[in-house]
Amino acid sequence: MTQAVVQSLKHRLEKYGQDHVIRFLGDCSADERPLFLQQLAALNFDELARAWQQSRTASDEAQDSPATIAQRAQPPGTLVRLPQTDADLQTWKSAREEGKKILDRGEVGVILVAGGQGTRLQFHKPKGMYPIGPVSNATLFQILAEQVLARSRSHGVTIPYYIMTSDATHAETVAFFEENNNFGLPSDAVRFFQQGTMPALDAATGKLLLADKNQLATSPDGHGGMIRALKETGMLADMQRRGLKYIYYHQVDNPMAIVCDPAFLGFHQQRGSELSTKVVAKRSPTEKVGLLVEVDGKTQIIEYSDLPAEQARLTDATGGLKFWAGNTAIHLFNVDFLARLTETPDVLPFHLAHKPVPYIDDGGVHVEPAQPNAIKLERFIFDALPLAKTALVLEADRSREFNPVKNQTGDDSPDTSRAAMTALHSSWLKNAGVSMATGVAVEISPLWAHDEIHAARRAAELREINEPTYLSESES
Ligand code: UTP
């Protein structure tokens with residue numbers, strides 16, 4: 001970086017009141033300095049100033065504040081619920097058949113978002129490396145990658161797996177896939193791409209925080225950072241080059257997502273949807289889960305905390321909850337829609353979160369705040385829903401496909417996720433006539449069977465299960 005460039009950077013920092021970040025520049029080594037200056041030069045100061053302004057002016061009275069949006073919310077309109085009648089079963093069957101044809105044509109790719117820091121789980125590696133298999137201890141990454149492989153085999157095609165990582169997870173994730181030979185996926189089917197980062201702002205002053213004398217405090221820019229990253233890393237172009245039309249999107253923490261679910265694909269196509277999403281019925285009015293609603297004719301997700309308690313308790317004509325549709329973060333995108341989203345910079349808004357962020361103070365002393373001191377800026381992928389011309393909402397069976405690992409204990413923890421996996425796999429085997437000893441853990445690798453129909457075919461190989469059993473690819 002030339003002297004002139006450094007000078008112009010200093011002017012920009014002064015202009016935006018952020019020149020405090022270079023006060024320790026004299027302490028940085030000759031190696032550290034250019035990297036730090038590059039990090040600063042890459043900042044979009046106008047964007048940061050806008051976000052800071054937004055955090056100051058957010059008010060509950062504003063026309064589009066979360067609270068007023070929640071007041072106008074209605075249950076989702078473009079909706080397919082779980083089958084209840086024979087006619088529904090036929091509709092689902094036809095959607096499934098349609099979806100299988102889409103898979104046969106090799107038009108489907110998969111995005112896994114795995115850039116989060118997993119703070120609630122407190123696992124000090126990328127969350128995908130968490131051992132979750134109830135018998136095998138297979139990691140979240142393994143179980144999900146095996147699903148992609150099983151589906152590819154079943155349709156005789158390559159299904160590309162696009163894995164989004166962040167600064168926080170990239171190196172370990174890539175190394176882990178390498179060590180495990182991509183869990184059997186061909187190497188040209190696995191593509192890693194990195195999302196961006198956003199600097200943290202001091203919540204009281206809007207000033208950038210330093211993690212160290214030569215480093216800003218930053219964090220991944222949210223799963224919505226995927227849109228910008230797809231374009232910048234060339235992954236969108238890769239999808240287009242491969243002739244993909246649909247992208248199944250899922251998160252790293254739900255080992256039971258039905259990757260490339262044919263019924264989901266079929267309904268998505270039949271209903272002319274650009275972005276579809278799966279929902280599950282809320283367990284209770286107060287469950288802390290994002291809600292799928294319609295506001296002014298547009299499908300969108302609102303935070304549970306934005307729905308007033310009395311609205312959350314409302315019931316409909318059938319006595320069920322009016323606002324019942326909980327977000328699973330399982331989506332299906334048209335590739336053309338993704339391409340359209342990437343054409344508008346900042347197409348997804350920032351969400352601001354108050355979080356404790358470690359920093360160094362004016363004296364260069366490292367501080368670990370116990371209370372939130374900073375604003376983190378994140379984009380959420382579900383903000384793309386209202387931008388779709390048609391957005392379909394499809395109901396899913398929670399016990400079958402939504403058992404995420406979010407917390408260390410309690411709801412949505414490793415214990416609940418493992419128990420759900422064991423219950424599902426036992427039911428597949430029992431329904432196929434296998435005698436199961438009570439309380440014995442059983443786990444099925446997607447490579448042995450990735451759904452109940454495949455499990456029923458293979459169950460003929462088994463007579464009874466009396467001890468903890470992992471049915472894996474090598475099982476005959
Ligand atoms: P969560 O919102 O649950 O965040 O992410 P998290 O980081 O995993 O966990 P907490 O909230 O810190 O405890 C949902 C999904 O979105 C991905 C995560 O990896 C997970 O698959 N994600 C989240 C990203 O890929 N990037 C991000 O910046 C944030």
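Atoms considered below: every heavy atom in the structure, side chains included; atoms not considered: hydrogens, waters and symmetry mates. As the structure lists them, so they are numbered: ligands from 1, and atoms in each ligand from 1. We count residues from 1, following the sequence as given.
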Other residues, nucleotides and ligands only: do more than 12 of their heavy atoms fall within 6.0 Å of NZ on Lys245? no

Tell me which one of Gly116, Ala168, Pro126, Gly118 gets a heavy atom nearest to atom 22 (N) of ligand 1. Gly116

What protein heavy atom sits nearest atom 26 (N) of ligand 1, and how far away is it? Gln195 OE1, 2.7 Å

Given that the side chain starts at C-beta and the backbone is N, CA, C, O, which of these parts of Met226 lies under 4.0 Å from ligand 1, counting heavy atoms, or is it both or neither? neither

Which of the numbered atoms in ligand 1 are below 4.0 angstrom from a heavy atom of Pro220? 28 (O)

Counting heavy atoms only, which of Asn407, Val113, Thr119, Ile381 is nearest atom 21 (O) of ligand 1? Val113

Would you say Gly115 has any N or O atom under 3.5 Å from an N or O of ligand 1, going by distance alone? yes

Counting from 1, what ligand 1 atoms have a heavy atom of Gln117 closer than 4.0 Å? 7 (O)

From the options Lys355, His223, Gln122, Lys127, select the one whose nearest heavy atom is closest to atom 16 (O) of ligand 1. His223

Does ligand 1 have an atom that lies less than 4.0 angstrom from a heavy atom of Gly222? yes

Residues Glu172, Lys127; criterion salt bridge (Lys or Arg N to Asp or Glu O under 4.0 Å); working and verdict: CA-CA 11 Å; Glu172 279 179 286; Lys127 209 193 244 187; over 6 Å; no

Between ligand 1 and Glu378, is the shortest N or O to N or O distance under 3.5 Å? no

